[in-house]
Amino acid sequence: MSERDPLAPAFEIPDLELEPPAPSKRASAVSAPVSSRQGPSSGAAPQLPLISFDGDDDFDLLESGSSANLAIVPDPLASPRQVETGEWPRGRTPAVDQLRVDAREVALLADYGPPPRNAVSTPLYAFRVFSRRKPLKSALALQHAALAAAELERDTLLMRLASELRPSLEAHEAFKRALEPVREIERLAGERGAALSQADSGYREQMAKFDGELAGLREAEARAKTQTLEREASKTAAESELRRAEAKYQRVQIEIRGVLDLARQVLGPAGGDLPPEHAAKLAELQGRAAALEPDLDQAKAKHGAAVAALREAEAEAQRVRSQIRQLDRQKAGAGAALGKQLNERAAGMTEVEKQLRDALAEVARAVLGARGALPVPETTLAQLREHDKQVEACATRLEMHVRALDSYDRDRARQGVIVVLSVLGVVLLSILLKAML
């Protein structure tokens, strides 16, 4: 099966319906019907029947078989028209049967080699075919892309030509009717453009709303973080003050325990009242301990308050971060939904723009087919001739790759695969039989 994309344009406008001349006007001299397009092997310009016209908006349509050929002979009394001085561009991609494809070049490109004459050589031929088809398919994809790019450049130039001639086309009755599909597509493009603009505005507005809320929350998060750092510092200071108060109190308690131990040693196992000097020292130390207790209690209370304040600040910061994460998820969900809708509308706008380009290109082809009914700048004609050559060259290369990909002998390649599988089967069967014996 041939791997070929359609080369004809995706959009066509209806043929121009031209009014026949009135009986009172001069009769036209019509040449014998000929084909409107010659194959690429012919170097001469296509020969078209000539039809005279009277006035700027009246010309006749000559049908030959199922095709219509249109050519204009200027009326000497009418306004000056462009005179055909060279081959007019077609503005269309040639059909496959119009391409000049050299069979030798196809064989060289395929490089499958000649099909073998015996079954013994078919495995090598099959291997050669399978090894060559992969790079040929890659090259075929590149040729498709090259042809599409060349056609896009040509159609863009045709679209510009139709746009430049739009006032003259609107003033010409036949071409004015040909512009009806263009006007319909432009109306659709306007509707889709307005819908796309509205969707884009809605998307931006919704995202701006989320961004505003997130900005406020991030400011609150920054404040909470600053407050947390401040309260951490307060907690650290309170801890230092508490440790100092506890150290003073503990030193007094150590001294009290020392006095009591010394008194026990003096009294011995029998015990008794403390000696006066020990009793006085103990009373002094107990007084000092009692004096330190308010400072210790105050340090403990201050430290507890600092710890509670720090926990409150950390909870606030955690709450703000949780809100930010939740709002981020909401923004991502809304952005995905709105973005999908926006992408769909953008795709629809791209599609209608392509339709508009194709429609205007078809109108421009109709202008080229009229050959002088409307003046076309010679520079544009030269550019279109060059585009025709480029498109034909790309189409020829693409067809060469298509034919090269399919030019192998399928029967011999299939036979080579069967031979290989048969040999493998025999070898495997032999191994199994030897293992069983």
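The structure displayed is predicted, hence computed values, not measured ones. Side-chain atoms are counted along with the backbone in the values below, which use heavy atoms only and exclude waters and symmetry mates.
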Above 12 or not: heavy atoms from other molecules or residues under 6.0 Å from NZ of Lys225?
-> no
Any donor-acceptor N/O pair, Thr122 side chain to Ala119 backbone, under 3.5 Å | yes
Hey, is the main chain of Gly91 close enough, under 3.5 Å, to the side chain of Arg365 for a donor-acceptor pair?
-> yes
Basic-acidic side-chain contact under 4.0 Å: Asp411, Arg414 | yes
Does Phe127 reach the side chain of Val417, with side-chain heavy atoms less than 4.5 Å apart?
-> no
Could you give the distance from CZ (Arg397) to CG (Leu99), rounded to the nearest 0.5 Å?
-> 11.5 Å
Salt bridge Glu353-Arg357, side-chain N to carboxylate O under 4.0 Å | no
How about Gln415 and Arg412: does a side-chain donor come under 3.5 Å of a side-chain acceptor?
-> yes
Val320 side chain near Arg218 side chain, heavy-atom distance below 4.5 Å = no
Evaluate the side-chain proximity of Val352 to Leu356: yes if any heavy-atom separation is below 4.5 Å, no if none is.
-> no
Non-hydrogen atoms of His303 and Ala238 that approach each other most closely = CA-CB, 3.6 Å
Taking Arg371 for its side chain and Trp88 for its backbone only, find out whether a donor-acceptor pair lies under 3.5 Å.
-> no
Of all heavy-atom pairs linking Arg166 and Leu179, the shortest is NE-CD1, 3.8 Å
Please report the closest heavy-atom contact between Ala162 and Leu169, naming both atoms and the distance.
-> O-CD1, 3.7 Å
Checking Thr380 side chain against Val376 main chain: does a donor-acceptor pair fall under 3.5 Å?
-> no
Determine the minimum heavy-atom distance between Glu399 and Val101, stating which atoms define it.
-> CG-CG2, 3.8 Å
Audit row: Glu378, Arg385, salt bridge (charged side-chain N to carboxylate O under 4.0 Å, His left out) steps and yes/no = CA-CA 10 Å; Glu378 182 58 35; Arg385 291 188 196 102; 3.2 Å; yes
Hey, is CD on Gln198 packed in by over 12 heavy atoms from elsewhere, all under 6.0 Å?
-> no
For the pair Asp328 and Arg325, evaluate side chain to side chain contact (heavy atoms under 4.5 Å, CB included) and give the outcome as yes or no after the intermediate values.
-> CA-CA 5 Å; Asp328 276 333; Arg325 288 193 297 268; 5.5 Å; no
Side-chain contact, heavy-atom cut-off 4.5 Å: Lys354 with Glu351?
-> no
Arg192 backbone acceptor or donor facing Arg345 side chain under 3.5 Å | no
When rounded to the nearest 0.5 angstrom, what distance separates CG in Leu136 from CE in Met400?
-> 11.0 Å
How about Gln298: does its CD atom have over 12 heavy atoms from other parts shown lying under 6.0 Å from it?
-> no
So which heavy atom on Asp295 is nearest to which on Ala245, and how close?
-> O-CB, 4.3 Å
Got a second to check how far Leu360's CG is from Leu165's CG, nearest 0.5 Å?
-> 11.0 Å
Hey, what do you get for CZ (Arg133) to OG (Ser138), rounding to the nearest 0.5 Å?
-> 11.5 Å
Should Gln341 and Leu196 count as side-chain neighbours, where that means a heavy-atom distance under 4.5 Å?
-> no
Would Glu246 and Arg243 satisfy salt bridge (charged side-chain N to carboxylate O under 4.0 Å, His left out), going step by step from the backbone distance to the final call?
-> CA-CA 5 Å; Glu246 288 177 340; Arg243 282 195 296 270; over 6 Å; no
Side-chain donor/acceptor of Ser322 to backbone N/O of Gln318, under 3.5 Å | no
Would the number of heavy atoms belonging to other residues, nucleotides or ligands and lying under 6.0 Å from CZ of Arg204 be above 12?
-> no
Could you tell me whether the side chain of Glu314 reaches within less than 4.5 Å of the side chain of Arg231, counting heavy atoms only?
-> no
Where do Pro123 and Val420 come nearest, in terms of heavy atoms and distance?
-> CB-CG2, 3.6 Å
For side chain to side chain contact (heavy atoms under 4.5 Å, CB included), just list the numbers for Leu368 and Arg90, CA-CA rounded to whole Å, side-chain angles, deciding distance to a tenth of an Å, and then say yes or no.
-> CA-CA 7 Å; Leu368 296 177; Arg90 298 184 304 270; over 6 Å; no
Under 3.5 Å side-chain donor-acceptor pair for Ser121 and Asn118 = yes
Would Arg92 and Asp388 satisfy salt bridge (charged side-chain N to carboxylate O under 4.0 Å, His left out), going step by step from the backbone distance to the final call?
-> CA-CA 7 Å; Arg92 296 186 185 276; Asp388 279 350; over 6 Å; no
Is a donor on one side and an acceptor on the other found under 3.5 Å between the side chain of Arg128 and the backbone of Asp111?
-> yes
With side chain to side chain contact (heavy atoms under 4.5 Å, CB included) as the test, would you mind laying out the steps for Glu170 and Arg183 before giving the verdict?
-> CA-CA 11 Å; Glu170 294 285 359; Arg183 286 189 285 268; 3.1 Å; yes
Salt bridge (charged side-chain N to carboxylate O under 4.0 Å, His left out) evaluation trace for Arg100 with Glu105 = CA-CA 11 Å; Arg100 291 175 292 180; Glu105 294 295 329; over 6 Å; no
Evaluate the side-chain proximity of Leu188 to Glu191: yes if any heavy-atom separation is below 4.5 Å, no if none is.
-> yes
Mark yes or no: Arg410 above the aromatic ring of Tyr408, with NZ or CZ under 6.0 Å from the six-membered ring centre and no more than 45 degrees from the axis.
-> yes
Between Glu232 and Lys235, is the closest basic N to carboxylate O distance under 4.0 Å?
-> no
State whether the number of non-hydrogen atoms from other residues, nucleotides or ligands found under 6.0 Å of Glu205 atom CD is greater than 12.
-> no
Hey, what do you get for CG (Leu142) to CG (Leu147), rounding to the nearest 0.5 Å?
-> 12.5 Å
CD (Gln206) and NZ (Lys209) are apart, to the nearest 0.5 Å, by 6.0 Å
Hey, does the side chain of Ser197 reach the backbone of Gly193 with a donor-acceptor pair shorter than 3.5 angstrom?
-> no
Is there a donor-acceptor pair under 3.5 Å between the side chain of Asn343 and the backbone N or O of Gly339?
-> yes
Ignoring hydrogens and angles, tell me if any N or O in the side chain of Asp155 forms a donor-acceptor pair with the backbone of Asp358 under 3.5 Å.
-> no
Could you check if a side-chain atom of Val419 sits within less than 4.5 angstrom of a side-chain atom of Val120, using non-hydrogen atoms only?
-> no
For side chain to side chain contact (heavy atoms under 4.5 Å, CB included), just list the numbers for Tyr125 and Asp409, CA-CA rounded to whole Å, side-chain angles, deciding distance to a tenth of an Å, and then say yes or no.
-> CA-CA 9 Å; Tyr125 179 73; Asp409 190 323; 3.6 Å; yes
Are Arg154 and Thr93 close enough that a side-chain donor and a side-chain acceptor fall under 3.5 Å?
-> yes
